[in-house]
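A short worksheet on the structure shown next.
Quick note on labels: first sequence line is chain A, next is B, and so on, each numbered from 1.
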There are 2 protein chains.
Amino acid sequence: MKRKRNLYEITNFPLDNESILLHETLFHNANGYLGVRYDFEEGYPEDYLTIRSQYLNGFYDHAPVLQPENLYGLARSKEIMPDVANTQTIRLFIEEEAFSMYSGQVLESRLTLDMDKGVTRRFVHWRSPRGREAAITITRMASFHQLSLFTIEYEITPLNFSGTAFIESGHDADVENYYDPEDPRNASDANRHIHPVHCEIREETSYITAMTSSSELTVCSCVQHRLPEGVLPEFWGDHISTLTRFNLDLVEGTATGFVKYAVFADSIRHDNCKTAAAEEMVKALSLPLSDLYYKQEVYLETYWQNCMVAIDGDDEADLALTYNLYQLNQSVTKDAYGNIAPKGLSGEGYEGQFFWDTEIYIQPFFTITNPSVSRHLIGYRYHTLDKARENARIMGHASGALFPWRTIAGGESSGFFPAGSAQYHINADIAYAVIAYYLATHDLDLILLEGAEILLETARIWLSTGTCQEETFNLLEVTGPDEYSCLVNNNYYTNVMARHHLEWVVKFHDLLKLNPAYEAMVERIGLGEGEIEAFREAALRMSLPYDEGLNINPQDDAFLKRIPWDLSQIPGDHFPLLLHYHPLHLYRRQICKQADTVLAHFLLEEAQPESVIRDSFHYYAPITTHDSSLSRSIFSIMAARLGMEEAALAYFGDLIKLDLMDLHHNTRDGIHTANMAGTYLAIVYGFGGLRIKESGLTLRPMRPSCWKGYRFNLKFQDSRLLVEVDDRQCRLTLVEGSAKSIRVYEEDYLLEGRLTIPLKTATGGPEDQKSNLPD
Amino acid sequence: MKRKRNLYEITNFPLDNESILLHETLFHNANGYLGVRYDFEEGYPEDYLTIRSQYLNGFYDHAPVLQPENLYGLARSKEIMPDVANTQTIRLFIEEEAFSMYSGQVLESRLTLDMDKGVTRRFVHWRSPRGREAAITITRMASFHQLSLFTIEYEITPLNFSGTAFIESGHDADVENYYDPEDPRNASDANRHIHPVHCEIREETSYITAMTSSSELTVCSCVQHRLPEGVLPEFWGDHISTLTRFNLDLVEGTATGFVKYAVFADSIRHDNCKTAAAEEMVKALSLPLSDLYYKQEVYLETYWQNCMVAIDGDDEADLALTYNLYQLNQSVTKDAYGNIAPKGLSGEGYEGQFFWDTEIYIQPFFTITNPSVSRHLIGYRYHTLDKARENARIMGHASGALFPWRTIAGGESSGFFPAGSAQYHINADIAYAVIAYYLATHDLDLILLEGAEILLETARIWLSTGTCQEETFNLLEVTGPDEYSCLVNNNYYTNVMARHHLEWVVKFHDLLKLNPAYEAMVERIGLGEGEIEAFREAALRMSLPYDEGLNINPQDDAFLKRIPWDLSQIPGDHFPLLLHYHPLHLYRRQICKQADTVLAHFLLEEAQPESVIRDSFHYYAPITTHDSSLSRSIFSIMAARLGMEEAALAYFGDLIKLDLMDLHHNTRDGIHTANMAGTYLAIVYGFGGLRIKESGLTLRPMRPSCWKGYRFNLKFQDSRLLVEVDDRQCRLTLVEGSAKSIRVYEEDYLLEGRLTIPLKTATGGPEDQKSNLPD
């Protein structure tokens, strides 16, 4: 099988402001620790709006949360991801002429994201206003080998002249977070989050140490240049910025250039940021750049092997899918201090906070391709468990831990609590991801170290969020994933997920109760005599709304009372509805922002008979707006699950290029990481029909007829598997590890080497093929 | 019967800061148009916090509403009552010594509110640091005869010396609204709402014209002094303030003094404020002060006659009741541009906005004592109907009018919509008050002119707030009066009030449909063919939650699912709960901030059988915290209604002196007008058992055994009635007007002159006497 080339490239890319903002996101460089938006080093015309920013995963400041009424316990401040020092700026003067894409003439240009090499590259054939022509190639890398490191390799080839280039390379902490001046929530002043405390040039290296406004965190950035032999730089600096200036001799036809190294060290991860930054710089410079490039490539080779997924017969979709998985790796933390934000490290949408997107959309991808990432993500929650305990007290729970709906360092950062803190399902989502990690890896050690405590503490919340009535346990006044219904009773998603959570607390308890470490933990958190029994009881009696007439699970106790609203009658420019209708108008109607009950049916399919899952899908499909980017992937999976190939493909088609095509018109604020993971899930869990359960791994593959086939690698316990589906069969290969029992189409197989199983046709009847297509 | 003396007086009143703030409220002067807090003219020590303010009814500015998330349609600005120019300041120097309650020695002092004369008076026997003694008497009046006018009569009697007094009397617009610097919602700057545009002294008169920051309203205040013959004042002024300075000869043993006149004119009521203010000043000065005092007394004589209510055998309660009714008259608008705020014109609590308190608590008092005030209050709603239409559109209703939950000029000013705009019952409350006005007056003209249009437009909202399901009409996602439950389905109060509203729309329609003015209105608002029928249907099918097991009306569909919470287990310092528990904690529990279903049972008793009303009372009494001051009066009424004398009295005792005793610890922010009206209702509707229904006037009088009796006047249609209850009987007298059929204890009588009916004993069993006492 020929290895595909993972390259995303735009030739003669547009230079209008909208495209610039979009490309800042699409071509950003990140490695899970630092993220740098893709800005032209030399800058833009003055009237251009740009978001020239760089971020660090888990690094945060506080910003005030405005509340119209100071009710008890509402968040008054939030954690946000601050913009850190700018190391992007490089101004080039060829003789007296400043290089700019907006002066002279761009004869040819190319923007490349090389996903095998892990670099972005800008190539420009430029003709200056006075007719000098040069080829300029700028290569940027956020190193996966050394997470603190961002490099810019700058190369100039004069084409029709020889002469001198003057370079001015900047490093400054004069940065503020992006804000929309039309948006009264943000005051301009409040957006300057880092303040330089020390700025110096020492041994040709520029250091800026800055502190956040309120969280009192420190970050040191450090910049140095590797110049051609004999070139002597000059330095300039003030309290907030430095400049490195030097000349390069240009010889017609010969490439000349330099490399700019920037490293970042923060006080979350280091005791002394400046010392750490200095050490990181020494480390970066200890290898030639080519070695760093090589390590980057080696790293990515492993990555692509682990998460290989390919569509045969749709190259565009295949490339988009690759792009998405590349971004997931750029975005996800490589330690337990960070996490993965809805926009990764590519922009400031949602202020860099972490949500349930991590556990329900993104972690499943890593769990079966790169489980060590999932360990970091679980570790992150474990490290913020104390904050979750504090949060639970604020919310009135005498014991247990309630994870915040939005957060960076563990503090609740959601302002409007009915659509924020009320989303208690976050506790069950985290539990689900821990359980899923265990099922895929059988790593009981992590459960013992971190998982069990997380599950126990979060489970306690359910018992004080609900009460038993007429033998059923009700969870009250919570908000499910669908934010077009708020503060409901017995949200099906929340309840069934809480039941799963409670059941597993009991299972793990039974599994671990004789283990001394577990016993010590249980004693530390003061687990009472009857608590395990109470968990078992609550799970047993958990209310799961069901309507006999419709044979569906209503989204909550009152969902079917709401006013029907024919989506097809709403003008197209009224979507997303939240921007055009008062929340109360939405809350009163049978309308969903996103998959809610349908998502629950995906995650916990055993909870309902097939017919209820099917009828529910058909009920919710026409009333779901997909105003959230977390929705279509789930509908695609469930359409595939129900044999509706055409619908599954239509949903998939809408989501695969969400960012590349800027379908939501907000990619400038950052990529949509959950949707990106959703595209993977749509293939592996949707068309592939993968499920990992207590009973083991199961597959129900189907092939969309417009594809020749598809294939993917996955990790399961100690083994690596290759799944290949073509027009007639599904081939399973045990690439490494021990033999595994696998269930395909409800039949059990033992996978020792290779298995070939003929494809079954869709289980859905012909009517399913036609109905419920998304718009 | 000897006429009682309506005097509230404190001798040797305390001078600590807390008392000063309390007395600023308790002794404020108001007349329904202007309100002036009671401040010492000469000022306070520098470190004292005071709220030295004056307000105009209906005059407003805008202030920003902070929202944590900019959801569609949320209020971004609110209407607030700005502080207007200060005309209180008078500094007195006796020779070189400045008079102050905080220097020298106060040998005797008295603070008096004379509720017959309509003035406040401060008497001080002062000894200066150097031993000069003087008696100082300061009398203040907000004139009921001339609403623009506030006077200060200042009299000095030297007791042990003769000499010269120097007076400096101020007028300034250097004012800002009170804010709590601890409260991050308010920025200091935003509290300066009026900005002087013109300040001048002309013909010994000081004029300051000022404009509001954002609403662009203008107010002119004008100050002049009447001085003893021969005294020549000097003037000083800048752009924001003026001073009038003069000397007075002091002769031992002889009183000498002056009068300060201040008038206000605003651009809501006048085309040219300055001209209007000048005219008002001329008018004020055209009569001697004694004539103004006389007119004030005559006005109040009529007022007290109309609303006479007296408790025989409890002088303290009687005085407190008189105080309350006096404040209602001070607070309530005398035209349709204003209304009555929860704090009247006495303070800035709730920012001077108007709520449902008007229609459900206060208007009933005026409707049966001074119906012209109710006409103004209905007129106010009618004038803001267009704003209510706009508000309905914002909330997503294609037709109809939704009155805002909090407002001054008609714009929605509530920030947290789940406990604000979601209180749709405001529409039914306004309708209820219009209907009640009609039942008490038979004034069909007002219905034709204003009432019918209000009722029709507001009724339309119900049809788009709910939907029919299984033959019952459900009202969805509203908040009832009890703000400890938000966004519920089928709140009993809202639904039964909406049903009443809808039924009366149909009744009025049947009554008026042939009237050309009504026809024209109906055409103007585009009343559709089937709308009246739809109203009838919705009323017929209106869902009214009922639980068979408990034989009660649950507060809403899900109320009984909530977690029980034993109020007696909550520490006393955790009340009001809203200051100590997260809203979600409260929403999940069976706990009420205030009367909700019990209030509905008071207002619409025919809707339920007696046993349901009784059982509901017993269900809600132990779970109601009365954290709102609107609650105890209703529980008192219903306890009386159910024959529970002891409970009724206990509730009554808690509310009658709420302000005089500062029981809620917030009277410094203003009086509690709804509670004040509630004290009246508790006697007339509670112990007196008054109801005015379509079938006429009914009474079910009872006498609390600790009182000798009680009596009250009331207006009913064209008649005035006197009701007197003593230990054995109830005596009814037709004071004026035509004979009336009256139902007492379910028997019909014709009242032509006087009727004496023996008292019935309590209908409640002995167990009712014991249980459900408030704490």
remark   = A:T465 and B:I563 have their tightest heavy-atom pair at C-CD1, 4.1 Å
message = Quick check: closest heavy atoms across B:Q67 and A:P68, and the distance to 0.1 Å?
response = OE1-CG, 3.6 Å
inquiry  = Can you tell me which portion of A:L577 sits under 4.5 Å from chain B's heavy atoms? Options are side chain, backbone, both or neither.
reply    = neither
query = Non-hydrogen atoms of chain B under 4.5 Å away: do they reach the side chain of A:L579, the backbone, both or neither?
reply = backbone
key: Value rounded to 0.5 Å, distance of CG in A:L560 from OG1 in B:T467   = 12.0 Å
message = How long is the straight-line distance from CG of B:L71 back to NE2 of A:H582, given to the nearest 0.5 Å?
response = 8.0 Å
request  = Could you check which of A:P418, A:A558, A:G466 has the highest count of heavy-atom pairs closer than 4.5 Å to chain B?
outcome  = A:G466
task = Could you please state which residues from residues 583-593 of chain A sit under 4.5 angstrom from chain B, measuring non-hydrogen atom to non-hydrogen atom, sorted by number, or 'none'?
result = A:P583, A:L584, A:H585, A:Y587, A:R588, A:R589
request  = Return yes when atom OH of A:Y350 has more than 12 non-hydrogen atoms of other residues, nucleotides or ligands closer than 6.0 Å, and no otherwise.
outcome  = no
key: For chain A, which residues of residues 387-396 of chain B have heavy atoms nearer than 4.5 angstrom   = B:I394, B:M395, B:G396
Single hit among B:E477, B:Q469, B:E470 for side chain to side chain contact (heavy atoms under 4.5 Å, CB included) with A:K561 = B:Q469
